[in-house]
Every structure is written in structure tokens, then in C-alpha cells.
Trainee: 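Okay, handing you the structure first.
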Amino acid sequence: MRIAVTYENGEIFQHFGHTEQFKFYDIEEGKIVKEQIVDTNGQGHGALAGFLVHEKVDALICGGIGGGAQAALSDAGIQLYGGVSGSADSAIADYISGNLGFNPNVHCDHHEGHEEGHSCGEHHCGEGNHNCQSH
């Protein structure tokens with residue numbers, strides 16, 4: 001099984017469509033057998049689902065993610081675990097142990113009308129009482 005995590009400086013990057021890196025974890029028999037950090041090469045939003053399909057990803061762990069990207073991942077058969085924050089390595093350990101906390105209804109659909117300088121990386125989409133729909 002291959003799991004991708006939106007990645008920045010060891011943490012789960014909080015906006016799927018703007019992630020510049022993924023960390024891939026190959027898992028066999030409940031153990032990580034390979035880890036790899038991969039650049040997205042500037043691809044964003046819709047293209048990222050295709051990027052993950054090309055990399056043979058089975059599941060994605062991320063922070064916020066818009067409805068279009070969710071649909072593309074679903075169509076590709078990639079399981080989504082959204083609304084997750086913190087350390088990427090810790091999230092994978094929690095996933096393997098069956099204890100990953102995630103939000104099955106995560107949304108990050110405020111792409112229109114961002115305030116100057118605002119990006120999802122500055123807050124935690126889907127975390128706690130905050131969701132990106134409030135912007």
C-alpha cells in the first residue's frame with residue numbers, strides 16, 4: 001500500500017491544492033518499508049489527483065481539500081483522510097495503528113475572494129471549529 005501525505009517541513013501541509021511536496025510511505029504488513037519526498041513540480045489542484053494516480057497512491061492524508069479534488073480522488077479510487085494536522089510521520093504511525101483522527105467531511109472551498117496574503121497554509125483547514133468555508 002502507498003500513502004501520500006501533503007508535506008512541508010515535516011508537517012502535514014494544510015491545503016491540498018497548493019502543496020509543493022508529498023511524502024510517500026510504502027507500507028507492507030503494517031510496517032513502513034520505504035519513505036520518499038517528492039516535489040509536485042508546480043502542479044496544483046486538479047492535476048495533483050492525476051499526479052497521485054501516476055505515483056500509484058492508494059490513500060491520501062491531508063489538511064483541507066476542495067470538493068473538486070475530493071471528487072477526482074474518489075473517481076481514481078484513492079481513499080481520503082482529510083482534516084489532519086501535525087507531523088506527517090506521526091499521522092502515518094496513527095494510520096498504521098488504526099488511530100488516525102480525520103474529518104470525513106473536510107472542505108476547503110474558499111478559493112474565491114482570498115484576502116491579500118492569505119493562504120490555507122496560514123491556518124488549519126478543517127481543524128477544530130475552523131473550516132475554510134468561513135472565509
Side-chain angles (χ1 to χ4, degrees):
M1 166 173 251
R2 177 171 262 199
I3 300 175
V5 179
T6 53
Y7 189 79
E8 183 179 61
N9 298 321
E11 300 288 311
I12 298 168
F13 186 70
Q14 290 300 301
H15 189 160
F16 172 78
H18 290 272
T19 192
E20 294 181 9
Q21 293 182 320
F22 287 103
K23 187 167 183 180
F24 294 138
Y25 298 85
D26 293 322
I27 299 170
E28 294 176 11
E29 298 178 12
K31 294 186 174 138
I32 299 169
V33 295
K34 182 179 178 186
E35 298 178 28
Q36 178 183 14
I37 298 171
V38 178
D39 289 334
T40 63
N41 299 318
Q43 297 182 67
H45 291 99
L48 289 174
F51 178 81
L52 294 177
V53 168
H54 180 263
E55 295 293 332
K56 298 179 174 49
V57 168
D58 299 297
L60 169 70
I61 296 173
C62 66
I65 183 168
Q70 289 182 37
L73 293 170
S74 178
D75 289 348
I78 296 174
Q79 180 69 42
L80 172 64
Y81 299 92
V84 182
S85 63
S87 161
D89 290 347
S90 294
I92 287 297
D94 290 344
Y95 174 87
I96 290 170
S97 69
N99 295 316
L100 179 66
F102 66 98
N103 178 354
N105 299 312
V106 68
H107 291 285
C108 191
D109 57 6
H110 64 288
H111 301 285
E112 301 299 321
H114 268 158
E115 296 174 22
E116 189 66 31
H118 173 86
S119 73
C120 284
E122 295 175 34
H123 63 266
H124 299 284
C125 300
E127 183 177 80
N129 291 329
H130 173 88
N131 69 38
C132 289
Q133 293 175 346
S134 64
H135 292 278

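Scope of the values below: all heavy atoms of this structure, side chains included, with no hydrogens, waters or symmetry mates.
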Trainee: Without placing hydrogens or testing angles, list every side-chain donor-acceptor pair under 3.5 Å for residues 22-35, not counting sequence neighbours.
Mentor:
unit_1 : atom_1 : unit_2 : atom_2 : d
K23    : NZ     : E35    : OE1    : 3.0
K23    : NZ     : D89    : OD1    : 2.9
Y25    : OH     : D89    : N      : 3.4
Y25    : OH     : D89    : OD1    : 2.5
D26    : OD1    : R2     : NE     : 2.8
D26    : OD2    : R2     : NH2    : 3.2

Trainee: Can you measure from CD1 (I3) to CG (L52) and round to the nearest 0.5 angstrom?
Mentor: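 Going from the CD1 atom of I3 to the CG atom of L52 covers 12.5 Å.
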Trainee: So, the side chain of T40 versus the backbone of T19: is there a donor-acceptor pair under 3.5 Å, distance only?
Mentor: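 Such a contact is found between T40 side chain and T19 backbone.
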Trainee: With no hydrogens and no angle check, is any side-chain donor or acceptor of Q79 less than 3.5 Å from a backbone partner on G77?
Mentor: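 It does not hold such a pair.
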Trainee: When hydrophobic residues are tied together by side-chain contacts of less than 4.5 Å, even through go-betweens, does L48 share a cluster with V38?
Mentor: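 Per the 4.5 Å side-chain linkage, L48 and V38 are co-clustered.
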Trainee: Within a 6.0 Å radius of atom CD on E55, are there more than 12 heavy atoms belonging to other residues, nucleotides or ligands?
Mentor: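 It does: E55 CD has more than 12 such atoms within range.
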Trainee: Could you measure the distance from the CD atom of Q70 to the CG atom of N105? Nearest 0.5 Å is fine.
Mentor: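 Answer for the CD-CG pair, Q70 versus N105, is 8.5 Å.
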Trainee: Counting only N and O atoms by type, is there a donor-acceptor contact under 3.5 Å from the side chain of E11 to the main-chain atoms of T6?
Mentor: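 No, because the side chain of E11 does not come within donor-acceptor range (under 3.5 Å) of the backbone of T6.
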Trainee: Show the atom names and distances, to 0.1 Å, of all donor-acceptor pairs under 3.5 Å that link a side chain in residues 94-102 to residues at least two apart or in another chain.
Mentor:
unit_1 : atom_1 : unit_2 : atom_2 : d
S97    : OG     : A93    : O      : 3.2
S97    : OG     : D94    : O      : 3.1
S97    : OG     : N99    : ND2    : 3.1

Trainee: Within this structure, what is the CD1-CZ distance for the pair I61 and F16, rounded to the nearest 0.5 Å?
Mentor: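 So the gap between those two atoms works out to 13.5 Å.
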Trainee: Tell me, with the steps shown, if V106 and I65 meet side-chain contact (heavy atoms from CB on, under 4.5 Å).
Mentor: CA-CA 7 Å; V106 68; I65 183 168; 3.7 Å; yes
Trainee: Donor-acceptor pair, D39 side chain versus N41 backbone, under 3.5 Å?
Mentor: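 No; zero donor-acceptor contacts below 3.5 Å.
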Trainee: Taking C-beta and beyond as the side chain, do Y7 and E20 meet within less than 4.5 Å on heavy atoms?
Mentor: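 Side-chain contact under 4.5 Å: no.
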Trainee: At their closest point, which heavy atom of L80 faces which heavy atom of C62, and how far apart are they?
Mentor: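 Shortest heavy-atom contact: CD1-SG, 3.7 Å.
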Trainee: How long is the straight-line distance from OG of S87 back to CD1 of I92, given to the nearest 0.5 Å?
Mentor: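 One gets 9.5 Å once the value is rounded to the nearest 0.5 Å.
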Trainee: If you look at every heavy atom in I12 and G63, which pair is closest and at what distance?
Mentor: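 So the minimum-distance heavy-atom pair works out to CG2-N, 3.8 Å.
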